[in-house]
Structures are given as structure tokens and as C-alpha cells.
Colleague: 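What follows is a structure written as C-alpha cells; I'll ask about it next.
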Amino acid sequence: MLDLGLEGRTVLVTGATGAIGSAAARAFAAQGARVALAFRHRRETAEALAVELSGPDRGRAFAVPYALDDAASPRWVVAAVEEHWGGLDVLVAAARRRGARREPHARFEDVPEEHWRPLVADAFPPAIRTVQWAVAGMRKRGWGRIALVAPPHAPEGGPGGEFHEVARAGLRGLVRGLVGEVGGDGVLINAVCPGPTPPDRPRTPPGRPPTATASPTTCEGPTAPEGSIAPEGSTISECRTVPEDPSTSEGPTTPESRTVPGDPTATPEDIARALVFLCSAANGAITGETLTLAGCR
């Protein structure tokens with residue numbers, strides 16, 4: 001039997017309440033890893049998943065806030081894991097922000113910037129920041145695995161596909177560019193590109209406002225930069241609530257997630273298995289690659 005070497009390893013999954021993120025968290029936990037579940041808005045979902053994965057000793061999983069649009073959040077979430085378990089071995093970056101839905105027949109030149117900017121701008125800085133904070137400890141310990149989940153591929157000619165392609169290209173570049181720098185320190189980094197996958201939450205029908213959800217809490221004080229998301233257990237002097245952003249997703253759920261009967265698709269569990277292998281000790285040589293699933297090119 002192939003030994004994945006994940007027993008006792010510490011794993012951080014961002015976007016852990018999305019379909020892919022939660023499937024990945026369960027897959028790592030099934031291999032004996034300890035899993036930190038980073039979430040944006042769905043605290044109750046994240047905490048319920050942490051209870052599910054915690055095991056008999058109640059110490060194998062915990063939930064921690066994470067926000068793509070907060071520059072200080074990656075530092076806090078990595079610090080929370082390292083403080084809680086003494087180090088971080090594996091990062092799975094599955095959080096993604098989705099843009100507003102593009103009309104199917106809208107032409108490229110008619111798409112307003114506020115529709116495509118979240119898809120493009122929020123694909124790079126959060127990934128770079130989170131990898132920066134995560135990789136530092138991995139290099140010191142001489143072992144680490146990083147997997148970035150790229151936006152799903154759109155069907156050929158699907159609306160908005162060009163913007164997702166730009167986001168995917170940026171993540172591929174990050175993965176390729178880091179190989180030479182971190183590989184000598186035992187850190188492997190790859191990306192996974194899903195095909196069309198079922199959405200992980202019902203879509204808001206046209207004309208109906210998004211359902212209100214609990215607003216995240218940001219904290220201010222001498223122990224945290226202003227506006228940063230504080231990890232569980234940190235000491236914060238003052239907290240305030242910020243409005244919900246309905247365009248934020250806990251994982252890759254996009255209009256392009258719609259499938260056509262007969263098209264090849266990948267389930268979140270399929271993607272999770274690929275993530276587990278790439279982030280395991282069984283993978284000793286694959287790095288700098290983008291693994292495409294379900295017929296992606």
C-alpha cells in the first residue's frame with residue numbers, strides 16, 4: 001500500500017467551506033493529517049466541519065478566519081496554525097473570489113470592470129501573500145507541499161472564460177517561478193485546475209437579492225494591523241463588524257461551473273484526491289506543474 005506520509009502532518013486549507021475545500025479537508029483528515037479550516041463568512045459551517053474532523057482527541061482540526069481582500073489575513077492564518085500545532089507542512093489554497101455574473105450574450109468589450117476585476121485581481125495577491133507566509137516555515141524545516149487551486153475551466157466559448165484564463169495564467173506563473181527558489185529546501189509547489197464542477201451553493205435567482213449571512217469580524221488593537229482578520233485565540237483589544245460582500249466565494253464556484261450533459265466533469269472528491277497526492281510524501285518529484293482535470297487543456 002502506498003504510504004502518503006501525511007499522518008500527523010499539519011495542513012491549512014483556505015476556502016475550506018467550499019465544495020473543493022471541504023472535500024480536500026476531509027481527504028487529508030482521512031490520511032491522519034491535522035487540518036486547519038480557513039473560512040471567510042460561513043463560520044458555523046467551518047466549525048461544524050472542524051468538529052467532524054477533530055477525531056476522538058478533539059484536536060485534529062480547527063476553524064480560522066481568512067479573507068482574500070485583507071492583506072494581513074494570510075499572516076494571521078499561517079501564524080494561527082504554527083502557534084496551534086508548532087508548524088505548517090501543507091498549504092492548499094482553494095479560496096477564490098468570484099465576480100458578478102456576466103450575461104451570456106455580453107460581448108467582451110461590454111463587460112464592466114467591476115465584473116472581471118475580482119476574478120483577476122483577487123487571484124494573485126492573496127495567493128502570493130499566503131504562500132510567502134507559509135513557505136518561510138517550510139523552508140526552515142526542510143519539507144513542505146503547496147497546491148494552488150486555479151479557477152475552473154469554462155466550457156469552450158463560455159462567457160467570462162477569458163478572465164478566468166488570465167487568473168489561471170497568473171497562478172501557473174507563480175508555481176513555475178517558485179520551483180527553483182524553494183525546491184532546494186524540500187518544498188514542492190503545484191497547481192490544480194478543475195474542470196466544470198457542481199456549484200457548492202444554490203445560485204441567487206435573477207431579481208432576488210443575496211441571502212444575508214453573518215458578517216465577518218475584523219479586529220484592531222496593538223496586536224493586529226488595523227482591519228486584519230484575527231485568528232482564533234489571538235489577543236485583540238477591539239473588534240468591529242464589516243459588511244458582507246456577496247461577490248465573495250469560499251471556493252471555486254462560478255457561472256462557468258454549469259455543465260452540459262455528456263461533458264467530462266470532476267467531482268470535488270476527484271480534485272481532493274489529486275491535491276492529497278501532490279501534497280504528500282509520495283510525491284517526491286512533481287513540482288512547478290499545473291494538473292488539469294476532467295478534460296481541461
Side-chain angles (χ1 to χ4, degrees), residues 6-70 72-97 126-127 129-131 133-134 137 144-149 192 197 200-201 213-219 228-234 248-253 268-269 271-276 278-280:
L6 288 169
E7 180 72 35
R9 292 286 189 186
T10 58
V11 181
L12 168 62
V13 179
T14 71
T17 59
I20 294 174
S22 59
R26 289 187 173 97
F28 279 101
Q31 293 294 326
R34 295 172 290 177
V35 186
L37 309 164
F39 67 93
R40 169 60 167 166
H41 298 304
R42 297 152 76 182
R43 177 183 291 273
E44 290 184 1
T45 302
E47 291 179 346
L49 183 58
V51 170
E52 174 190 334
L53 303 181
S54 281
D57 62 358
R58 311 290 292 178
R60 302 187 69 84
F62 74 103
V64 58
Y66 174 83
L68 290 172
D69 55 356
D70 182 349
S73 189
R75 173 187 176 186
W76 279 111
V77 74
V78 172
V81 178
E82 292 182 333
E83 181 179 353
H84 196 77
W85 284 321
L88 174 61
D89 299 312
V90 174
L91 168 64
V92 174
R96 194 75 60 238
R97 188 177 179 186
R129 294 181 190 121
T130 309
V131 170
W133 286 105
R145 298 289 186 270
I146 299 172
L148 310 180
V149 180
V192 169
T197 56
D200 63 6
R201 70 174 74 182
T213 58
S215 298
T217 300
T218 63
C219 302
S228 64
I229 300 293
E232 307 270 335
S234 60
T248 300
S249 171
E250 294 287 332
T253 51
E269 289 72 26
I271 299 162
R273 284 189 287 270
L275 291 167
V276 166
L278 289 174
C279 294
S280 72

Colleague: What are the two closest heavy atoms between V13 and G21, and how far apart are they?
Modeller: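 For V13 and G21, the tightest heavy-atom pair comes out as CG1-O, 3.6 Å.
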
Colleague: Using 0.5 Å steps for rounding, measure from the CD atom of E269 to the CD1 atom of I20.
Modeller: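 One finds 10.0 Å between CD of E269 and CD1 of I20.
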
Colleague: Looking only at non-hydrogen atoms, find the nearest pair between G87 and T10 and report the distance.
Modeller: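 Nearest pair, atom of G87 first, then T10: O-OG1, 2.8 Å.
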
Colleague: State whether E52 and R26 are salt-bridged, where the test is any N-O pair (Lys NZ or Arg NE/NH1/NH2 against Asp/Glu carboxylate O) under 4.0 Å.
Modeller: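 So E52 pairs with R26 through a salt bridge.
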
Colleague: Atom OG of S280 and atom CG of L275: how far apart are they, to the nearest 0.5 Å?
Modeller: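 So the gap between those two atoms works out to 11.0 Å.
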
Colleague: Atom CH2 of residue position W133 - does it have more than 12 heavy atoms of other residues, nucleotides or ligands inside 6.0 Å?
Modeller: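 No, the 6.0 Å shell around CH2 holds no more than 12 heavy atoms from other groups.
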
Colleague: Shortest non-hydrogen contact from F28 to V276?
Modeller: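 Looking at all heavy atoms of both residues, the shortest contact is CZ-CA, 3.8 Å.
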
Colleague: Do you know the tightest heavy-atom contact between R43 and P65?
Modeller: NH2-CG, 4.0 Å

Colleague: Could you go step by step and tell me if T45 and F39 meet the side chain to side chain contact (heavy atoms under 4.5 Å, CB included) rule?
Modeller: CA-CA 9 Å; T45 302; F39 67 93; over 6 Å; no

Colleague: Enter the distance from L278:CG to I146:CD1 here, rounded to the nearest 0.5 Å.
Modeller: 12.5 Å

Colleague: Could you state the interatomic distance from CD (E44) to CG (L49), rounded to the nearest 0.5 Å?
Modeller: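 Interatomic distance, E44 CD to L49 CG, rounded to 0.5 Å: 13.5 Å.
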
Colleague: Does T14 use its side chain to pair, donor to acceptor, with the backbone of A38 at less than 3.5 Å?
Modeller: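 A pair under 3.5 Å: no.
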
Colleague: Atom CG in L88, atom CD in E83: separation rounded to 0.5 Å?
Modeller: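 With rounding to 0.5 Å, CG (L88) is 14.0 Å from CD (E83).
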
Colleague: Ignoring hydrogens, what is the shortest heavy-atom contact between A46 and A63? Give both atom names and the distance.
Modeller: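 Result for this residue pair: CB-CB, 3.8 Å.
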
Colleague: Look up atom CG in D70 and atom CZ in R129, then write down how far apart they are to the nearest 0.5 Å.
Modeller: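 One finds 8.5 Å between CG of D70 and CZ of R129.
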
Colleague: Under 3.5 Å, side chain of S22 to main-chain N/O of T17, donor-acceptor pair present?
Modeller: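 Not a single qualifying donor-acceptor pair exists.
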
Colleague: Run V92 and C279 through side chain to side chain contact (heavy atoms under 4.5 Å, CB included) and show every step you take.
Modeller: CA-CA 8 Å; V92 174; C279 294; 4.2 Å; yes

Colleague: Determine whether a donor-acceptor pair (N or O, by modelled atom type, separation under 3.5 Å) exists between the side chain of R40 and the backbone of Y66.
Modeller: no

Colleague: Which residues pass the salt bridge (charged side-chain N to carboxylate O under 4.0 Å, His left out) test with R145, not counting sequence neighbours?
Modeller: none

